[in-house]
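As structure tokens, the structure follows; a few thoughts come after it.
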2 protein chains.
Amino acid sequence: MSQGEPGIELDTSVGYTLKAAASALHSALEAVLSPLGMTITHYSCLELLAQRPGLSNSELARGTFVTRQSMNVLLKALERQGLVIRPARAPVGRALPTELTARGRRQLEVASAAVRRVEQDMLANLDANEQDQMRRLLTTCIASLTEPPASAT
Amino acid sequence: MSQGEPGIELDTSVGYTLKAAASALHSALEAVLSPLGMTITHYSCLELLAQRPGLSNSELARGTFVTRQSMNVLLKALERQGLVIRPARAPVGRALPTELTARGRRQLEVASAAVRRVEQDMLANLDANEQDQMRRLLTTCIASLTEPPASAT
DNA sequence: CAATGTATGTCAGACTACTGACATGAGTCA
DNA sequence: TGACTCATGTCAGTAGTCTGACATACATTG
């Protein structure tokens, strides 16, 4: 058994296929980020900060789909490496707005190019319409999973 | 900032949306499986064994998208709990064909129903055509990510 | 103004999954 | 037959993320 030809189709469940796709993307991203000394969450955090400067620890956590505790650990590491910077005291409330440093921006540039390549590979066999459709379908699924307090019939 | 209305759209990257969907599914599954004392991989392993009895440790690992080392740890736990059973010696080669026990089948039944409900929630707002389309698109992405040794050009 | 609720940052411990490494069994080929 | 390749099972150590808990800051409400 198992000769390169796995033959696994597992009842063609959409959930299973979604997990498989996410896993494939995860592996591909790891493959290009690991040589750069970065994890996926590490990259995601920098990318998010580049697009939305001043995000807090909790906001970064939500944007990268980890807990704020995990993001806290990561942020302290990134701070120690001089990739991001946070004020010593919160300007308002408790939230500490985080910013990329020049060094962080440089590291992100390299990683971002690699990640973009991976995403292009993933979408290589889909036309613009299909990519749009896919994004739309996924977004609908997310909404259905997170909003369904309406468990009525 | 952040008032329930996140406003995050992050350049509408398909990769990001895929990660978000997988994360939402992961959370939803955890929410229903954790009360049953099971992790997602734990459930995935039992489900895979029910559909394909006799799978080896390595094959189960591939089917659940973890390393064979991780699956090995899990399998030993499941064996200790009396949910699965493996022969002491390999009938051929080194692969140990694993089987569900009656108890494992019972535990799977409960979990499987809960997981099916989650998947139905996720697909609640998609018709049959859209579900089919989504599966097709995801499968294409997986193929593009895993087969692209053709990096020419 | 005092009480409550919500959101945040952070510390500590536990768990899951990973990488690295080694030995065994089977197939391939010179 | 012997060398090589590949897949498997397993042990050990590491790393990333999680849950639990606590204190602080702001908004809401009585």
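Lettering follows sequence order; numbering is per chain, from 1.
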* Asked: So which of residues 77-86 of chain B are in contact with DNA chain D, with a heavy-atom cut-off of under 4.0 Å?
  -> B/Arg86
Between [X] and [Y], a side-chain donor and acceptor under 3.5 Å:
X	Y	value
A/Asn125	B/Thr140	no
B/Thr139	B/Arg135	no
A/His42	A/Gln107	yes
B/Arg116	B/Ser112	yes

Rounded to whole angstroms, how far apart are [atom1] on [X] and [atom2] on [N]?
X	N	atom1	atom2	value
B/Glu30	D/dC18	CD	C1'	8 Å
A/Asn57	D/dT24	CG	P	18 Å
A/Met71	C/dT8	CE	P	13 Å
A/Leu55	C/dT8	CG	P	11 Å
B/Leu75	C/dT16	CG	P	14 Å

Sidechain-backbone polar pair: [X] side chain, [Y] backbone, donor-acceptor under 3.5 Å:
X	Y	answer
B/Glu99	B/Arg86	no
A/Arg103	A/Gln81	yes
A/Thr17	A/Ser13	yes
B/Glu30	B/Ile40	no

* Are B/Leu100 and B/Leu83 close enough that some pair of their side-chain heavy atoms sits under 4.5 Å apart? -> no
* Take A/Arg68 and A/Arg89, find for each the nucleotide of DNA chain D with the closest heavy atom, and name the residue whose nucleotide sits nearer the 5' end. => A/Arg68
* Qualifying residues under side chain to side chain donor-acceptor pair (under 3.5 Å), relative to B/Ser44, sequence neighbours excluded -> A/Lys19
* Quick one: which residue pairs count as a ring pair (Phe, Tyr, Trp, His ring centres under 6.0 Å) with a foot in residues 62-97 of chain B, not counting sequence neighbours? => A/Tyr16-B/Phe65
* So, is B/Arg62 close to the D/dT8 phosphate, meaning a side-chain N or O under 4.0 Å from OP1 or OP2? -> yes
* For nucleotides 11-17 of chain D, read 5' to 3', which letter fits each nucleotide if B means a protein heavy atom sits under 4.0 Å from the base, S means only the sugar-phosphate is that close, and - means neither? -> B----SS
Using a cutoff of under 3.5 Å, can you pull out all pairs of nitrogen or oxygen atoms linking the protein to nucleotides 26-29 of chain C, with atom names and distances?
from, atom 1, to, atom 2, distance (Å)
C/dA26, OP1, B/Gly93, N, 3.4

* Residues B/Arg136 and A/Glu130 bridged, charged N to O under 4.0 Å -> yes
* Structure fact -> Angle separating the five-pair end axes of the helix from C/dC1-D/dG30 to C/dA30-D/dT1, nearest 10°, is 30°
* Structure fact -> The single option from A/Leu74, A/Val66, A/Leu55 that satisfies side-chain contact (heavy atoms from CB on, under 4.5 Å) with A/Leu60 is A/Leu55
